[in-house]
Every structure is written in structure tokens, then in C-alpha cells.
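In what follows, a structure is listed as C-alpha cells, so that the remarks can point back to it.
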Amino acid sequence: MIPVVPLLRGGKVYSSLDVQNVNPVTGGDAVAQVTMSNSGLIKRDLLNLEESREALAKFTTQELLDITLAAGDIFLNDDLPVGSSGQLQSPEDYLLTLAATSGLPHSLIRMNMKRLHGVFSQVPTIFKGLSRGLSPEVLDHGYIDQHEVKVAFVPTTNALGVILPSNSPAVNALWIPSIAMKTPVILKPGREEPWTPWRIIQAFIKAGAPAEAFSFYPANHDGSSAIIRNCKRVMLFGGDDTVRQYENDSSVEVHGAGRSKILIGDDEIENWKDHLDLIVSSISANSGRSCINASCIVVPKYADEIASALADSLVTMEARSQDDPKATLSGFANPKMAEWINGTIEDGLEEGGAKDISLDKRGGTERYVQKDGMHYMLPTIVRCDSIDHSIGNTEFLFPYASVIQMPQDEMMNSIGKSLAVAAISKDQKWLNELVAADHIERLNVGAMPTNHIEWDQPHEGNLFEFLYRRRSIQVA
Amino acid sequence: MTPDKAKENLDNQLKEIINWHFSDDTGTPFWLDWKAKVGWDPRKEILSFDDIHKFDHFQDEWLRDEKNERFVPLGMKGKPFNVFETGGTTGLPKQRVGWDDYKHDYEMFSNTLSDEFFPKGSNWIMVGPTGPRRLRLAVEHLAQHRGGSCYHVDLDPRWVKKLIIRNQIDEVERYQKHVIDQAVEIIKHRDIGCMFTTPKLLESIGERISIPGSGVKGVFCGGTTMTPQSVRFWVEEVLEGKTHLVPTYGNTLMGLAVSRPLDDSYSVTYYAPQPRAVLRVVDPNETAKTMPYGEFGRVELTTLTKEFFMPRFLERDEAIRREPTNDYPWDGVGDVRPFGAMTKKVVEGVY
């Protein structure tokens with residue numbers, strides 16, 4: 001019997017009458033069914049979140065941090081309930097189911113599981129980083145004395161709404177700390193990926209977190225809209241259009257294209273071969289799906305040579321069977337997405353001013369391939385004459401990067417908004433300018449990949465500041 | 001009534017209506033001209049409803065392009081008529097003429113309502129599209145036919161559709177709040193026992209007040225897709241398992257199709273007010289053929305009254321063809337949704 005994943009309404013299981021099959025990407029029988037929420041039900045639930053909030057308020061922040069720590073091990077190792085009929089899912093079952101419905105290779109899922117475990121296990125450090133070193137007690141009392149100054153915080157919302165995508169289980173890392181921040185979560189999973197948020201919730205509950213803190217609503221677009229319109233704080237994932245739609249809405253934090261970059265300074269460019277592995281890893285880790293993967297390499301010279309060397313290194317990243325231990329390239333659950341990406345790149349190449357360096361390395365074969373019924377985009381390095389080229393400063397959901405040559409002193413003003421920038425240089429004057437640059441969200445200084453994360457540094461927005469705002473307090 | 005008797009009634013109605021609209025004494029100018037143009041006389045060739053496919057589909061443009069007077073049967077000449085409108089966001093909307101059809105339709109509907117949940121003498125509130133729509137007069141007539149009065153709160157669905165198309169969702173919400181504010185005030189301060197509204201407005205009213213707690217015993221609802229899950233949610237939560245829900249399917253061109261009583265599946269099946277109107281679920285690619293029972297197809301409407309004859313109009317909806325019942329011994333339409341809902345985005349607005 002395949003599992004039927006229900007809704008969770010403030011921790012209470014609810015089986016909707018709207019049942020949809022979740023099918024393997026490669027075809028064949030459904031591996032599970034998901035019951036879908038109607039939007040009115042979500043709206044109604046969001047009017048009554050007091051119980052969820054009160055359930056978390058009964059715990060101290062320290063207790064919730066401890067629960068989160070324990071939940072990480074449970075997530076990684078335990079059999080956990082899946083569906084409403086008491087079936088249990090082992091970590092291996094989770095991996096196989098997620099692989100079947102998302103197209104991710106097993107090796108990448110294992111990597112993502114470890115990454116999520118890392119978030120659970122580093123949650124005290126993350127809390128400290130996000131709250132700028134405050135004691136966890138601040139959320140128990142509402143205020144605290146710090147350096148002989150009272151600091152007080154008030155919640156900005158009753159719950160955190162999260163509209164999750166289907167293409168990357170690791171994005172669940174973004175909401176995990178909210179439980180320790182005493183904020184219930186309202187999760188709308190991606191169509192092909194209810195598994196990871198569901199398993200995280202079950203791990204939290206097994207570790208002792210109150211079930212009331214978790215709401216889980218598989219839904220169509222109208223369900224997403226209900227959450228976005230009715231939750232005071234919402235995280236969602238989308239493209240440039242979505243980012244633009246909400247850029248003036250402080251209640252919505254959109255995680256869009258990162259356009260992360262590697263910049264090499266004049267002082268390090270002669271050593272570019274020493275940094276090649278770092279650049280390859282920045283482009284290709286997690287199959288190039290993260291917003292902190294580098295999608296643009298900017299150098300003052302040797303752009304042709306660097307592009308060629310990168311393409312040589314990445315050509316070994318092939319479409320392999322999902323269970324091949326060497327598989328590092330993710331397939332696309334939705335072939336239309338792969339077709340759209342391929343078409344966009346081809347259109348860009350036809351404009352002129354850009355050359356696909358990987359094409360020759362592949363022996364002139366197609367970039368878009370199919371294997372075992374799955375759809376893949378093979379790694380692509382494009383040498384662009386200008387960063388303003390239509391495919392010169394863009395990001396796709398596979399290992400893709402443009403290589404641009406420009407003088408060092410033009411880089412900072414040319415790169416545009418960038419989520420992560422790895423600046424490979426020791427030129428302190430230039431680094432100081434980059435440190436002061438408002439359009440760079442995360443700056444990795446020195447020989448460090450764009451996807452390197454320190455747990456005490458906020459990643460793409462500060463969750464604590466999103467869920468709490470400082471307010472004045474005076475106590476007689 | 002047996003299915004055979006229902007079929008006999010339908011065939012008799014069809015013959016009577018065709019005779020009315022196509023005879024020189026009582027006929028409708030539009031149909032008389034149509035007959036002259038196509039070169040065959042439906043009075044001779046349409047002998048039963050099985051022959052209805054000899055008509056091509058009624059074109060909705062005719063209700064925009066033709067003057068309304070062209071749809072006035074000679075048999076009704078000189079009697080002032082109502083003009084009712086349907087749909088439309090830009091340009092001239094579809095219009096139809098009418099006299100007493102809406103009264104007949106809603107009196108028939110009234111006979112299906114229980115006195116327990118729609119008590120005789122109770123006041124009604126209608127929260128939904130009024131203006132040029134037949135529904136405005138029809139719900140008021142229903143209330144008065146059952147001995148009560150009707151309060152109205154207007155909603156302009158054309159404006160809401162425009163706002164949605166422009167992605168002005170904030171404005172949609174402000175407008176919806178404006179409508180709900182008015183409805184809640186009336187429900188709170190007047191003695192209201194029954195309500196007509198659309199599903200989305202029903203949900204919004206239920207977020208503001210307890211509907212059964214406010215004394216509303218019965219709600220009839222219509223206007224959009226009603227999935228089993230949504231219906232269950234309205235019954236169990238919005239109406240708290242106390243106020244009775246009657247889903248309906250209808251429009252200005254048909255009248256009102258009633259639903260069979262809900263069961264645990266919460267799947268809604270409607271039955272047309274046959275023989276005055278007939279709903280068929282047809283193969284979208286070969287519309288002369290009905291779909292097998294249990295399968296989705298496009299909804300086709302034929303209206304058969306002396307006031308209005310409209311053969312084989314293809315609705316913008318699809319539905320499951322359902323079996324006849326003892327109460328309704330003709331085909332039903334189940335789980336109605338916008339035609340192509342599974343393959344394209346459809347703007348349903350606040351309905």
C-alpha cells in the first residue's frame with residue numbers, strides 16, 4: 001500500500017478528499033498520494049494560530065534548541081511516520097522516494113540530508129549568529145540585559161509561512177531554526193517534494209516539539225496565495241518576476257536567482273590554475289542548483305584559458321543512473337524546464353558575443369540529453385564578451401557559468417546584485433570596496449568557494465530579524 | 001416518475017416549444033429567419049429529443065450581435081420584457097429577454113427546499129451579482145414566494161475579473177471586504193434565516209461571523225467549481241455542520257439545476273430543470289455524442305421555454321456524466337469545473 005500524505009492543521013492530521021498521485025519522474029505507478037488543501041481551509045486556519053504559538057511558548061528557547069539538536073539525528077537515522085496510516089519510512093525509503101519523484105541522484109540526496117543535519121546540529125550557533133550573540137533567554141522573557149543595556153524584541157508574526165520548491169531539499173534549512181525561535185511554521189510543499197518537509201516535521205515531533213507548531217498544506221497555486229496573503233511573514237522561492245512582485249513587501253522574503261560570482265583580482269590572476277578546483281566546486285556542487293552556486297566568473301585576463309579549463313573539468317560530470325555512486329548531475333522532473341533552459345541558452349548563443357566552450361569538449365553533442373527516462377542538462381561554460389550579454393549574468397538550475405574578462409576596477413560596478421561573491425584577492429583596498437558594496441549579500445574573502453557557509457552568518461536574509469523586531473522597553 | 005415518462009415529457013415539451021418558436025403565428029423572428037436560411041423546418045424534422053443534434057450549436061455571439069427584439073416571439077409581442085445579462089468583462093455582454101421564466105424556475109426550485117432549513121416566512125439575504133442579472137430578481141422572487149423578504153448586497157464580478165487579470169489582488173481583497181462588511185452588518189442586525197451567495201463570499205462571511213450562530217439555517221450557493229473537498233469544508237467548518245447547504249448550478253440562459261442530496265463523498269451532481277432545460281455531457285471532439293457515465297465531457301445546454309429557445313449551447317464548463325435518480329430520472333452533471341481546467345488557467349474571480 002502506498003502512503004497517503006495528509007494535511008497537518010496545527011499538528012492535527014486531516015485527510016482531504018482531493019487526492020493526487022505523486023508519480024515517478026521516469027513514469028510508472030504512483031509512489032504515494034498527497035491530499036490537497038483547498039485555499040479556504042488554509043485561510044480559516046491562519047485566523048486561529050494562538051494554539052500553535054502557545055504550544056511553543058510553553059518551552060524555553062534553550063529547550064527548543066535542544067529539541068532541534070535531537071531532531072537532526074532523528075531526521076538522519078530514524079524510521080519516521082509517513083502518511084496517515086501509520087506507515088514508517090526509513091532514511092533509505094525517504095531517499096528512494098525523493099529520488100523517484102524529484103529526479104535527484106542518490107548521492108546528492110545523501111549530501112542534502114547531511115547538509116540538513118548540519119543545520120539541525122548547528123542551530124545554537126545559527127541562533128547566535130542571527131541574533132548577533134543574544135542569549136536565547138531573550139525570547140523567553142521578551143527582553144534581556146546585554147552589556148548593561150535592555151534589549152527587547154516583539155514577534156512580527158504568529159507564524160512563518162514557507163512556499164517550498166520541488167527542486168532542492170536543502171532549502172528546508174531556511175525554516176528549521178524558526179521552531180527554536182518559538183515561531184510555528186505553515187509549510188506548502190513543492191508538488192514533487194512533500195517528503196523532506198514532512199520528514200523534518202516528524203523528526204521534530206519525535207524529538208519532543210509540540211505537533212501544534214506544524215502546519216503542512218499540499219496545495220495548488222490558490223493555496224500558496226492564501227498563505228502569502230494571510231501570513232504576516234512568508235518565505236518563498238521564485239524567479240526575477242516573483243522577486244520584483246514582492247520587492248516592496250516587507251512581509252515576504254523572496255529567495256530568487258542568486259547570480260553568485262567569483263571575482264579574481266589582478267594580484268591572483270597569474271595563479272588561476274591553483275583556484276580551478278574551487279571554481280569548479282562553486283559551479284557544480286549540488287548539481288548547480290543552489291543560489292550560492294557560482295554562475296559567473298569574472299577575471300581580469302586569461303578568460304579564454306580559464307573557460308577552457310573549467311569546461312575540461314566539468315565535462316566529466318555526465319548523466320548517470322540515479323543510483324550510480326558517481327552521479328552528481330540532477331535530472332529534471334519537468335522536461336519542459338530543461339527544454340526552456342536549453343532554448344534560452346541557444347537563443348543567447350545565436351545573438352553572438354557568446355560561445356559555448358563545453359560544446360567541443362563534449363565532442364559536439366547535445367547539451368540536453370535523456371537517460372533512463374530522465375532529462376538532463378550537461379554542464380555548460382559559456383565565454384561571453386560582456387557581462388551584459390543576455391546569458392552573461394544569469395543563473396540556471398544546472399552547472400552553468402559564464403566567463404567574463406574585464407579590468408578589476410570595473411568589476412564591482414558591473415556585477416550587479418549578487419547573493420554570494422567569492423573575491424580571490426589579497427588587495428586590501430579592493431577588498432575594502434567590496435566589503436562596503438551594498439549589492440553583495442554574502443562576501444567570501446580569499447580562496448573560498450561561493451557555496452561555503454559559516455553557520456553563524458545569516459544566509460540570504462536574517463530569519464531572526466524577519467520574525468522579530470526590536471522595540472523599546474523601560475522597566476521601573 | 002419513470003425515465004420513460006421523463007423522456008415522453010421532454011419530447012412533448014420539445015415539440016411544443018419548436019412549434020411555438022418556428023410557426024408564423026407565434027414564432028421568434030430570429031428563428032423564423034434562421035429557418036428560411038437553412039432550408040429545413042424543425043417542426044417536421046425534430047420529432048424527439050434524439051433529433052436535437054440536427055441543430056448546430058447555438059452561438060453565444062448571437063446574444064451579443066442580434067437585437068433583443070429579434071428574440072421576442074410574435075406570441076409575446078407587445079408585452080414589455082426584461083433584459084438579463086450574463087458574463088462579460090469588456091464590450092457588450094450577452095443578453096437574453098425574459099418575462100416569467102425566472103419565476104417558474106425558482107418556484108420549481110422552491111419545491112425542492114426543505115421547510116426545516118429554509119423556513120417559510122424567513123427573510124433572505126442575497127450576497128452576489130445583482131445589477132442586470134436574472135439572479136437578482138430570481139432570489140427575491142424565491143424569498144417572496146416562500147413568504148419572506150430579501151436583502152441584497154451587490155457584487156460586480158466583471159470588475160473583480162478585471163482586477164484579477166491586472167493582478168491587482170490588494171484591490172480585489174479591499175473590494176471583497178467592502179462586500180462582506182455590508183453583508184455582515186445586515187446579517188447581524190436583521191432577522192435573516194436564509195442566504196444565497198457564492199462559495200468564496202460564503203467562506204469570507206464565515207471567517208467574520210458564525211453563520212449558524214447568526215440564525216441562518218439554509219444557504220444555497222452557486223456560481224463556480226465546487227470540488228468535493230471544498231463542499232465538505234463548507235458543510236463541516238464554514239457552516240459548522242448546522243446550517244444546510246444546497247449547491248446549485250445555473251445561469252441566465254438555463255435557470256437553475258438543483259443538486260441531489262449530498263452524501264459522504266461530497267461530490268455534487270446537478271439535475272437540470274427538465275423538460276424546461278436539458279443538460280448533456282458531450283464528447284468535446286464530437287459533440288453529437290454523449291460521454292459514457294462516469295466520464296468528464298463538455299456541458300451542453302438546451303433551453304426549451306416559450307420565452308427562450310436555445311438548442312445545444314456549449315457551456316464553458318466540463319462535468320462528469322452521472323446516472324439518473326428516482327427523483328430526477330434523467331442525466332445529471334457532476335463535479336462541474338471550467339472547461340479545460342486541468343490544462344489552462346481560468347479566471348473564476350470571486351465566484
Side-chain angles (χ1 to χ4, degrees), chain A residues 4-7 9-10 12-21 23 33-49 84 163 191 215 217-232 234 236 238 241-252 336, chain B residues 163-164 166-174 176-177 180 197-211 221 224-240 245 262-268 334-335 337-338 341-351:
Chain A
V4 181
V5 179
L7 317 183
R9 306 177 65 184
K12 294 185 185 75
V13 170
Y14 178 92
S15 291
S16 155
L17 296 175
D18 183 359
V19 180
Q20 294 192 1
N21 287 338
N23 295 309
Q33 291 184 314
V34 172
T35 79
M36 306 289 285
S37 177
N38 52 305
S39 60
L41 179 148
I42 297 173
K43 273 181 76 182
R44 199 171 176 87
D45 285 356
L46 293 181
L47 294 171
N48 299 299
L49 288 169
S84 49
I163 314 297
R191 187 176 167 77
S215 291
Y217 299 110
N220 294 317
H221 290 303
D222 59 345
S224 299
S225 296
I227 294 173
I228 293 167
R229 309 291 309 174
N230 296 283
C231 243
K232 288 183 184 168
V234 179
L236 59 92
D241 287 348
T242 314
V243 171
R244 268 193 296 277
Q245 189 180 348
Y246 295 104
E247 64 188 352
N248 296 317
D249 188 341
S250 59
S251 67
V252 179
K336 284 183 181 164
Chain B
L163 291 173
I164 291 173
R166 290 182 205 150
N167 203 25
Q168 292 180 281
I169 307 303
D170 285 344
E171 198 59 36
V172 172
E173 290 189 349
R174 272 194 285 274
Q176 187 162 321
K177 181 176 181 303
I180 299 303
T197 191
T198 67
K200 285 201 174 172
L201 294 175
L202 179 70
E203 288 178 0
S204 297
I205 293 169
E207 288 164 11
R208 296 276 294 274
I209 54 172
S210 164
I211 293 173
C221 226
T224 189
T225 309
M226 297 193 193
T227 64
Q229 170 57 27
S230 295
V231 173
R232 173 192 173 193
F233 169 67
W234 300 326
V235 168
E236 292 181 351
E237 301 189 40
V238 177
L239 301 177
E240 303 171 31
L245 177 71
L262 294 169
D263 58 25
D264 288 348
S265 73
Y266 292 98
S267 174
V268 178
D335 291 348
R337 64 191 185 196
M342 300 306 279
T343 55
K344 65 186 179 192
K345 192 175 178 183
V346 180
V347 175
E348 286 196 83
V350 288
Y351 279 92

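A, B, ... follow the sequence lines: proteins, then strands. Residue 1 opens every chain. Only heavy atoms go into these numbers, but all of them, side chains included; no hydrogens, no water, no symmetry mates.
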Practice problem: With a 4.5 angstrom heavy-atom cut-off, could you sort out which part of B/S267 is near chain A: side chain, backbone, both or neither? | Solution: neither
Quiz prompt | Under 4.5 Å from a heavy atom of chain A, the part of B/V238 involved | solution = both
Quiz item: Who passes side-chain contact (heavy atoms from CB on, under 4.5 Å) against B/S210, sequence neighbours left out?
Solution: B/P212, B/E240
Quiz prompt | Which atoms of B/S230 approach chain A - backbone, side chain, both or neither, heavy atom under 4.5 Å | solution = both
Practice problem: Quick one: list whatever passes salt bridge (charged side-chain N to carboxylate O under 4.0 Å, His left out) with B/D263, sequence neighbours left out. | Solution: none
Quiz prompt | Those residues that, when tested against A/D18, pass salt bridge (charged side-chain N to carboxylate O under 4.0 Å, His left out) (two or more places apart) | solution = none
Quiz item: Can you pull out the residues in residues 42-49 of chain A with any heavy atom less than 4.5 Å from chain B?
Solution: A/K43, A/R44, A/L47
Exercise. Count the heavy atoms belonging to other residues, nucleotides or ligands that lie under 6.0 Å from CZ of A/R191, then report whether that count exceeds 12.
Key: no
Practice problem: Measure the spacing between CG of A/N38 and CZ of B/R232 and express it to the nearest 0.5 Å. | Solution: 9.5 Å
Quiz item: Of all heavy-atom pairs between B/Q229 and A/L17, which one has the smallest distance, and what is that distance?
Solution: OE1-N, 2.8 Å
Practice problem: Examine whether an atom of B/N167 lies under 4.5 Å from a heavy atom of chain A, and if so say whether it belongs to the side chain, the backbone or both; otherwise answer neither. | Solution: side chain
